[in-house]
Each structure stands twice: as C-alpha cells, then as structure tokens.
Amino acid sequence: LDADRERSNRQRALDHYQEYLELDPTSLEVRTHVGRILMRSKEFAKAADWFRKCADLGYRSDAMLQWHAEALFECKRFDELRRLSAGMRSDSNTNGAEPL
C-alpha cells in the first residue's frame with residue numbers, strides 16, 4: 001500500500017474499533033488492537049497514553065502490558081517504564097511466578 005492509503009486504512013480501523021468499544025468496552029482484544037495500530041503508526045506517545053488509560057480503567061492483559069512497555073521505551077519515558085516493570089514483577093510474584 002502507498003503511505004496515504006495505509007494511513008487511511010489505519011484511521012478507518014481505529015474508528016471502527018472505537019465504535020466497537022462503545023458497544024463492548026471490556027474487550028481486551030480490541031483495546032490491544034487500538035494500541036497496536038497507534039504503535040504501527042509511530043504514534044508512540046498516544047499508544048503509551050492509551051495503554052495507561054486502559055490500565056487505569058482496570059483493563060489489563062499480558063499483551064497490553066508488553067505493548068505499553070514498548071511504547072514507553074519508544075517515547076524514552078524510562079521512569080514510567082521502570083514503574084510499569086516493577087508493577088509487572090510484583091503482579092507476577094503474587095501469582096507464584098518467578099520475578100523478572
């Protein structure tokens with residue numbers, strides 16, 4: 001695809017995902033897709049903010065945490081990345097998993 005068409009298709013996908021989330025805001029899969037599209041569009045700050053908002057609302061998954069960490073890294077928001085990683089370690093410890 002040419003760059004303009006790719007950008008247009010990603011925007012259309014974002015619009016459709018937002019409409020879907022109005023019907024089912026609990027869909028972790030769709031929430032992850034929104035963030036992934038932002039990442040692929042190199043909108044790293046928007047992606048980081050999106051994943052933070054999702055987490056603040058209680059929507060979390062392993063995939064979302066991984067994408068959130070990558071977005072924070074791309075934004076060079078290392079303090080936030082450290083806090084996120086520390087939270088991931090403490091979450092895994094409560095599940096009996098080995099620390100990172």
Side-chain angles (χ1 to χ4, degrees):
L1 296 174
D2 63 68
D4 289 335
R5 190 170 200 183
E6 183 178 1
R7 191 173 19 263
S8 174
N9 285 341
R10 284 185 176 155
Q11 185 57 55
R12 285 181 40 215
L14 281 174
D15 293 343
H16 289 298
Y17 284 141
Q18 293 293 350
E19 289 172 12
Y20 184 92
L21 286 172
E22 289 178 19
L23 300 172
D24 181 9
T26 65
S27 176
L28 296 178
E29 184 178 5
V30 171
R31 288 181 175 277
T32 303
H33 290 321
V34 168
R36 284 179 53 208
I37 289 173
L38 293 170
M39 291 292 292
R40 290 202 169 119
S41 299
K42 300 191 184 316
E43 296 187 58
F44 303 122
K46 284 184 181 180
D49 293 342
W50 170 257
F51 287 122
R52 166 56 41 216
K53 178 182 170 185
C54 290
D56 289 347
L57 293 171
Y59 302 115
R60 293 184 179 94
S61 71
D62 290 343
M64 291 172 76
L65 287 170
Q66 291 169 349
W67 282 104
H68 188 188
E70 187 172 337
L72 291 172
F73 180 83
E74 291 290 344
C75 292
K76 299 180 179 15
R77 290 162 54 178
F78 301 120
D79 288 340
E80 290 178 65
L81 180 56
R82 283 185 201 90
R83 285 193 297 275
L84 179 69
S85 297
M88 291 166 69
R89 283 196 297 266
S90 66
D91 287 348
S92 67
N93 285 337
T94 61
N95 295 329
E98 292 296 317
L100 297 175

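For the numbers below, each heavy atom of this structure counts, side chains included, while hydrogens, waters and symmetry mates do not.
The existence of a salt bridge linking Arg5 and Asp2 is excluded, since no basic side-chain nitrogen approaches an acidic carboxylate oxygen closer than 4.0 Å. Between Asp79 and Arg82, at least one side-chain N (NZ, or NE/NH1/NH2) sits under 4.0 Å from a carboxylate O, which counts as a salt bridge.
If you run side-chain contact (heavy atoms from CB on, under 4.5 Å) between Arg52 and each of Leu72, Leu57, Leu84, only Leu84 comes through.
Contact detail for Ala45 and Cys75: the closest heavy-atom pair is N-SG, 3.3 Å. The two residues Gly35 and Ala47 make their nearest non-hydrogen contact at O-CB, 3.9 Å.
Ring-plane geometry between Phe78 and Phe73 is classed as perpendicular, the angle between the planes exceeding 60 degrees on a 0 to 90 degree scale with a lower cut at 30.
With values rounded to the nearest 0.5 angstrom, His68 atom NE2 is found 8.0 Å from Phe51 atom CZ. Distance check, rounded to the nearest 0.5 Å: CE of Met39 to CZ of Arg36 gives 10.5 Å. Taken to the nearest 0.5 Å, the CZ atom of Arg31 stands 5.0 Å off from the CH2 atom of Trp50.
Inter-residue side-chain proximity for Asp49 and Lys53 is flagged as unmet; no heavy-atom pair is nearer than 4.5 Å. At least one side-chain heavy atom of Ile37 sits under 4.5 Å from a side-chain heavy atom of Tyr17. Looking at Asp24 and Val30, their side chains never come closer than 4.5 Å, going by heavy atoms from C-beta outward. In this structure the side chain of Met64 reaches within 4.5 angstrom of the side chain of Cys54, judged on heavy atoms. Looking only at side-chain heavy atoms (C-beta outward), Lys46 and Ser41 stay at 4.5 Å or farther from each other. The shortest distance between side-chain heavy atoms of His33 and Leu14 does not fall below 4.5 Å. Contact check for Ser27 versus Tyr59: no side-chain heavy atoms found under the 4.5 Å cut-off.
Note on Phe44: it clusters hydrophobically with Leu38, by side-chain heavy-atom contacts below 4.5 Å among ILVMFWY residues.
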List the steps and the verdict of salt bridge (charged side-chain N to carboxylate O under 4.0 Å, His left out) for Asp4 and Arg7. CA-CA 5 Å; Asp4 289 335; Arg7 191 173 19 263; 2.6 Å; yes
Can you check side chain to side chain contact (heavy atoms under 4.5 Å, CB included) on Thr26 and Leu21, steps first, answer last? CA-CA 7 Å; Thr26 65; Leu21 286 172; over 6 Å; no
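Using modelled atom types, one finds no donor on one side chain facing an acceptor on the other under 3.5 Å when comparing Asp62 with Gln66.
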